[in-house]
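As structure tokens, the structure follows; a few thoughts come after it.
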Number of protein chains: 2
Amino acid sequence: MSEVAATGISVLLVDDHPIVRQGYRRVLESQGDLHVVAEADNAADAYSAFKAHNPDVVLLDISMPGASGLEAIRNIRARSPRARILVFTMHNEAVLVKAAFSAGASGFVTKSSEPSAVVTAIRAVARGERAMSDDIAHILAEDSLSAGSALDQLGEREIEILRQFAGGATTEQIATHLNLSVKTVQNYHYLIKTKTGARTDAQLVRLAASCGLTRI
Amino acid sequence: MSEVAATGISVLLVDDHPIVRQGYRRVLESQGDLHVVAEADNAADAYSAFKAHNPDVVLLDISMPGASGLEAIRNIRARSPRARILVFTMHNEAVLVKAAFSAGASGFVTKSSEPSAVVTAIRAVARGERAMSDDIAHILAEDSLSAGSALDQLGEREIEILRQFAGGATTEQIATHLNLSVKTVQNYHYLIKTKTGARTDAQLVRLAASCGLTRI
DNA sequence: TTGCAGCTCGGGCAAATTTCCCAAGCAGGA
DNA sequence: TCCTGCTTGGGAAATTTGCCCGAGCTGCAA
């Protein structure tokens, strides 16, 4: 599968900051068995680079501008289900982690991790294992024991209310639009938060945006 | 002034992500004339490391959790007015740039810059010059011509609280991070909403995102 | 020097909202 | 049929919001 399978692990680096990519490249290549075969700074380039180089592991920073990193994951996995994607970001919200895994990521590592943990995760993902840093494991464990992606567990009505809410509508406006009582909208609001694991309205808006429900 | 003045430029690296620091260190040290003499992952350590090593340049990422990077700048400059601080961040909002300069920064470079631009800026700052990346210059130039965005009416504290809030932090978390009472954070929250004209929290998040304060 | 303006920080308190708990109607599937 | 899940809302306690206030501080200008 890999062009350098015999000699090490090939890595595609996706991050929108050039100097960050350069730094990662040096850290990874100092390991001996890791080789950065390509870089990309956005979701679209990430996919074409993936096709061109077919790397063993994609190291992907989700906090990119423009298209959501989640879309990049889905794009790559849709065409290459064997792709191994290790998400690497400074965010550590449970909803994001779950969304990344359900989009097809093989691992999730935060930037707070030690470099050695990142390298270890890359090797694990390359072997086909699932990998995550300790803080992520802790957050997931604590968050909830229920599986499923953030939005997949929402019904149609909940999705619609979340969309309008994240779009900036007030509770009264949503109630009027949908011909519901304010109380019902409030209950949905609460339900959506508990289902998705969002602790604040802001997290809800970010979740909706990162899932493509609303655009900013 | 510098302990390695004759042989190069000493740099103190401040960023909260270990692997990012490691990457920067390798990029900078590959230059020959740049030496990373210390690292720090928070504002408090940054100041003690500065005192201990008296570096030529502090390369500071402002998007750190906890105390604002602006405070770190002020802390260092208050005790060592000759300190050269180069702010290095992925944010490119004009208000942030202006705040950094007025807090005493010598330069401002975004992570979108090429590594060579960052290195050039470090050398310029070390010579006592003011430095900023092209995109920042462009943003500042455009900002000075525009009527002003919704964020221009916000004070530094308000900007910081808005950033954390829009990033998904709860009121308690913000209060803890900034060492404020919950009540004060709530008051700021309300003030920000009235100043910006946002009617819901979701609108606030969208505003912050559209101004580049936070990224979704 | 005085004074004003603006930022920062928080108290107070009524009004509103959120957080949970609950029930009931209804659809679809085992 | 029963059971599950969605939709719709009531109720009540807990919390937050909206808006008022004062106090300390800084910088600036008269």
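What you are looking at is a predicted structure, and each value in this text was computed from that prediction instead of being measured. By convention in this document, chain letters (A, B, ...) are assigned in the order of the sequence lines, proteins followed by strands, and residues within each chain are numbered from 1.
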Audit row: A:Glu172, B:Arg199, salt bridge (charged side-chain N to carboxylate O under 4.0 Å, His left out) steps and yes/no | CA-CA 12 Å; A:Glu172 286 88 355; B:Arg199 307 194 62 266; over 6 Å; no
Gap between atoms [atom1] and [atom2], on [X] and [N] respectively (whole Å):
| X | N | atom1 | atom2 | answer |
| --- | --- | --- | --- | --- |
| B:Tyr188 | D:dC19 | OH | C1' | 16 Å |
| A:Glu160 | D:dT7 | CD | P | 11 Å |
| A:Leu178 | D:dT8 | CG | P | 8 Å |
| B:Ile174 | D:dT16 | CD1 | C1' | 14 Å |
| A:Leu191 | D:dT8 | CG | P | 12 Å |
| B:Leu154 | C:dC7 | CG | C1' | 12 Å |

Quick one, give me the B/S/- string for nucleotides 10-26 of chain C, reading 5' to 3', where B means a protein heavy atom under 4.0 Å from the base and S means that only happens at the primed atoms, P, OP1 or OP2.
-> BBBB---SBBB------
Polar side-chain atom of B:Ser10 near backbone of B:His35 as donor-acceptor pair, under 3.5 Å |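 Checked: no pair found.
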Specify the closest pair of heavy atoms between B:Gln173 and B:Thr170, including all atoms of both residues, with the distance to one decimal.
->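 Residues B:Gln173 and B:Thr170, closest heavy atoms: OE1-N, 2.9 Å.
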Is it true that A:Tyr188 and A:Phe165 have ring centroids separated by less than 6.0 Å?
->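 Ring centres of A:Phe165 and A:Tyr188 not closer than 6.0 Å.
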Non-neighbouring partners of A:Arg127 that pass side chain to side chain donor-acceptor pair (under 3.5 Å), sequence neighbours left out =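 By the side chain to side chain donor-acceptor pair (under 3.5 Å) rule, A:Arg127 matches A:Glu129.
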Residues forming a side chain to side chain donor-acceptor pair (under 3.5 Å) with A:Arg157, sequence neighbours excluded =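 A:Arg157 satisfies side chain to side chain donor-acceptor pair (under 3.5 Å) with no residue once adjacent residues are dropped.
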